[in-house]
Each structure stands twice: as structure tokens, then as C-alpha cells.
Amino acid sequence: MRIATYNVNGINGRLAVVLRWLEQVQPDVVCLQELKAPDERFPEEALNKAGYRALWRGQKSWNGVAILARDGLPLAARAGLPTDPDDPQSRYIEAEVSGIIIGCLYAPNGNPWPGAKFDYKLAWYKRFSAHAKKLIAAGAPTILAGDYNIMPTELDVYKPERWVNDALFRVEVRDVYAKLLKQGWTDAIRARHPTARIYTFWDYFRNAYARNAGLRIDHVLLSPDLAPRLIAAGVDGAVRGWEKTSDHAPTWIQLAPVKVAKKTAARKAKPAAKAKTAKKAKR
DNA sequence: ATGCCTATTATTAATAGA
């Protein structure tokens with residue numbers, strides 16, 4: 001099962017790129033951010049023709065998030081964070097797909113620091129972190145995927161010293177991310193690639209993509225029960241080089257099917273009823 | 001310290017992004 005997150009920077013201006021990428025990669029689940037379109041301008045028909053059903057929460061001009069799934073309509077769980085459902089900024093949507101809770105987020109940028117926008121970022125993350133904690137406590141297999149607008153460590157920035165006072169790298173937001181991981185979440189890219197320089201965003205400015213002057217700000221976080229199923233994670237970096245492309249690249253993970261207990265001499269077979277349930281939960 | 005580039009919206013410029 002392949003799950004991807006992609007900040008498209010305008011779903012309508014980017015539709016050809018998104019469709020080309022979907023056709024090429026065929027992910028099972030996709031979290032999209034920065035639709036930059038109101039609900040009524042979401043290209044549902046084109047995505048349906050590409051084989052995806054969608055849930056979305058748009059907004060005029062800015063923000064907007066969506067969840068796509070190939071195996072039928074994602075089961076809506078919520079739009080907006082629970083502590084402030086009336087936040088006019090569309091930055092969170094949650095659904096259930098194939099038995100997994102998928103939270104799709106577009107965290108505030110927060111620049112410039114200091115200022116009201118940075119304060120809003122911290123306040124938003126306070127609400128998001130509280131929700132994330134409840135999801136862990138609920139115990140269901142859960143993925144939180146999206147544009148976090150945080151470089152977690154110096155390994156995630158091409159020139160860390162230039163970013164120390166930027167809202168994406170300030171110590172306050174790095175702390176927020178570290179505390180999220182302490183709740184029990186696994187950063188999938190880092191789990192698979194502990195020391196590699198991997199970026200998910202390259203500025204349109206200064207020929208950043210060609211120079212690989214990038215940032216790792218799009219993340220896929222896995223709940224404790226899903227982490228053992230992680231078999232691959234990566235970034236479709238080539239997409240960033242396409243015509244009329246987003247400044248972000250799609251970031252993805254692959255999960256192994258649920259393991260079914262094997263009847264071996266070393267390990268006793270589980271009770272029949274339990275084994276049946278495990279088999280049913282496969283994929 | 002700032003512009004660079006790109007998208008959206010509303011009228012040729014402002015705002016936001018990261």
C-alpha cells in the first residue's frame with residue numbers, strides 16, 4: 001500500500017502535473033495541500049476519471065486540503081481540527097481509508113518571525129499536537145501526512161545557518177516537531193533514511209532545484225502499530241523538474257500488508273478466530 | 001537585509017508563499 005503527500009501549490013493550475021504523476025505512480029492514497037481553490041472549483045471529475053475518489057476542503061485563494069483514494073471514497077472523519085472547527089483556514093482533513101485513519105495537514109508557514117503569523121503557527125500546532133495525542137491514545141492505525149512547514153533538524157536544510165530565524169526552522173517549531181515524535185509517531189522518511197540529505201521542497205527562486213538547495217518540510221508520520229509495516233519511503237524528486245510544476249515534490253511511503261501469524265514449529269499457531277481476523281484485516 | 005519566482009485575485013499591482 002502506497003501513501004503519498006503532495007503540496008500542489010494550486011490544484012487547477014497543476015492539474016496536468018498531478019494527473020501525470022498519478023498515472024505514473026498510482027498511489028493508493030494521496031494527501032494534497034494548497035489547493036488554492038474554493039470547494040466548487042475542485043477538479044473532482046478529472047480525478048474520478050483518473051481512478052480516484054476524493055474528499056476535500058477548499059478555500060478561496062489560499063490553503064485547501066484533500067484526500068484521494070483508489071479503493072473507493074475515503075470515509076470522512078473530520079474537516080478542521082476539533083478544538084477550533086470554525087478556523088477559516090482550511091488546513092486539516094481526516095478520513096478513513098482501508099482501515100487506516102489518514103490525517104492530511106497543511107501547517108501555517110509562520111513567516112515572518114517574530115509576529116502574528118508565527119504566533120498563529122504555534123497556536124495551530126498546539127491544537128494539532130493535542131489532536132495527534134488523542135489519535136495515538138485511540139490506538140487505531142493512523143497516518144499524519146502533509147506539509148508541516150518545519151525542517152526537523154539541520155540535516156533537513158541545505159544551509160541551516162541561514163534559516164535559524166526563519167519560521168520553518170526556529171527552535172520553537174523544531175521543539176514542536178520533536179515533541180510530536182515523543183508522542184510515539186515515526187517520521188517515515190527518517191526511519192528509512194537516517195542520515196541521507198533528502199528534500200521535499202525547492203524554491204522557485206535562484207535556480208534552487210538545479211542547485212539542490214532544498215528543504216525537507218513534507219512529512220509522513222506513522223502511529224506505533226504502523227511503523228513495523230513501513231517497507232519503503234521516498235520523494236518523487238523528478239516531478240519537481242517537470243514543466244509548470246509545484247515547488248514541492250510528492251513524498252511517499254509504502255506499507256507491507258498486515259502480517260498473518262505463521263504456523264511454524266517454533267511458534268504456536270494463534271487461535272483460529274484471531275488468525276481469521278488478522279487475515280481479514282490484510283491490506 | 002532583500003530580491004529572485006510563481007500563483008491568485010482583481011485591474012496592472014498587491015499579497016502570500018517558504
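Chain letters run A, B, ... following the sequence lines, proteins first, then strands; residues in each count from 1.
The aromatic rings of Y158(A) and W163(A) sit perpendicular, their planes meeting at an angle over 60°, well past the 30° parallel limit. Ring-plane geometry between Y125(A) and F128(A) is classed as perpendicular, the angle between the planes exceeding 60 degrees on a 0 to 90 degree scale with a lower cut at 30.
Atom-to-atom, CZ of R240(A) to P of dT6(B) comes out at 9 Å; the value is rounded to the nearest Å. With rounding to whole Å, R211(A) atom CZ is found 16 Å from dC4(B) atom P. dC4(B) atom C1' lies 20 Å from atom OH of Y209(A), rounded to whole Å. The separation between D247(A) atom CG and dT8(B) atom C1' is 14 Å, rounded to whole Å. Whole-Å rounding puts the N207(A) CG to dG3(B) C1' distance at 15 Å. Rounded to a whole Å, the CG atom of L35(A) is 15 Å from the C1' atom of dG17(B). The distance from atom CH2 of W113(A) to atom P of dG17(B) is 18 Å, rounded to the nearest whole Å. Distance, F201(A) CZ to dA7(B) P: 13 Å, rounded to whole Å.
Relative to the side chain of Y204(A), the nucleotides dG17(B), dG3(B), dT9(B) differ in distance, and dG17(B) lies closest. For F205(A), the side-chain atoms get nearest to dC5(B) when compared with the rest of dC5(B), dA7(B), dT9(B). Distances were taken from every side-chain heavy atom of K60(A) (C-beta onward) to each of dG17(B), dA10(B), dA16(B); the shortest belongs to dA10(B).
Only the P atoms considered, dG3(B) is 24 Å distant from dT9(B), to the nearest whole Å. Taking atom P on both nucleotides, dT6(B) is separated from dA10(B) by 23 Å, rounded to a whole Å. dT12(B) sits 24 Å from dG17(B) when the P atoms are compared, rounded to a whole Å. Spacing of P atoms, dC4(B) relative to dA14(B), comes out at 14 Å, to the nearest Å. dA7(B) and dA1(B) have their C1' atoms separated by 25 Å, given to the nearest Å.
In this structure, D218(A) reaches neither bases nor backbone, as no heavy-atom distance under 4.0 Å exists between it and the strands shown. Looking at heavy-atom distances under 4.0 Å, N149(A) makes contact with sugar-phosphate atoms alone, never a base. Within the 4.0 angstrom heavy-atom criterion, only backbone atoms of the sugar-phosphate kind lie near N7(A); the bases stay farther away. Within the nucleic acid shown, K121(A) has no heavy atom closer than 4.0 Å to any nucleic acid atom. No contact: Y148(A) has no heavy atom under 4.0 Å from any strand. If you check every strand for non-hydrogen atoms under 4.0 Å, R162(A) touches nothing.
For the residue pair L144(A) and A132(A), the shortest heavy atom distance occurs at CD1-CB, 3.8 Å. Heavy atoms only, all atoms of each residue included: F42(A) and A66(A) are closest at CE1-CB, 3.8 Å.
Looking at which nucleotide of DNA chain B each of R206(A) and G110(A) is closest to, the 5′-most match is held by R206(A). In this structure, E34(A) and A37(A) both approach DNA chain B, and ranking their closest nucleotides by distance from the 5' end singles out A37(A).
Put simply, K36(A) has no side-chain N or O that comes within less than 4.0 Å of OP1 or OP2 on dA16(B).
A 4.5 Å side-chain heavy-atom check between I143(A) and I101(A) finds every atom pair outside the cut-off.
With R216(A) as reference, D187(A) is the one residue of T200(A), T251(A), D187(A) to meet the side-chain hydrogen bond (donor to acceptor under 3.5 Å, both in side chains) rule.
Using Watson-Crick or G-U wobble geometry with both donor-acceptor distances under 3.5 Å, dA10(B) finds no partner in any strand shown.
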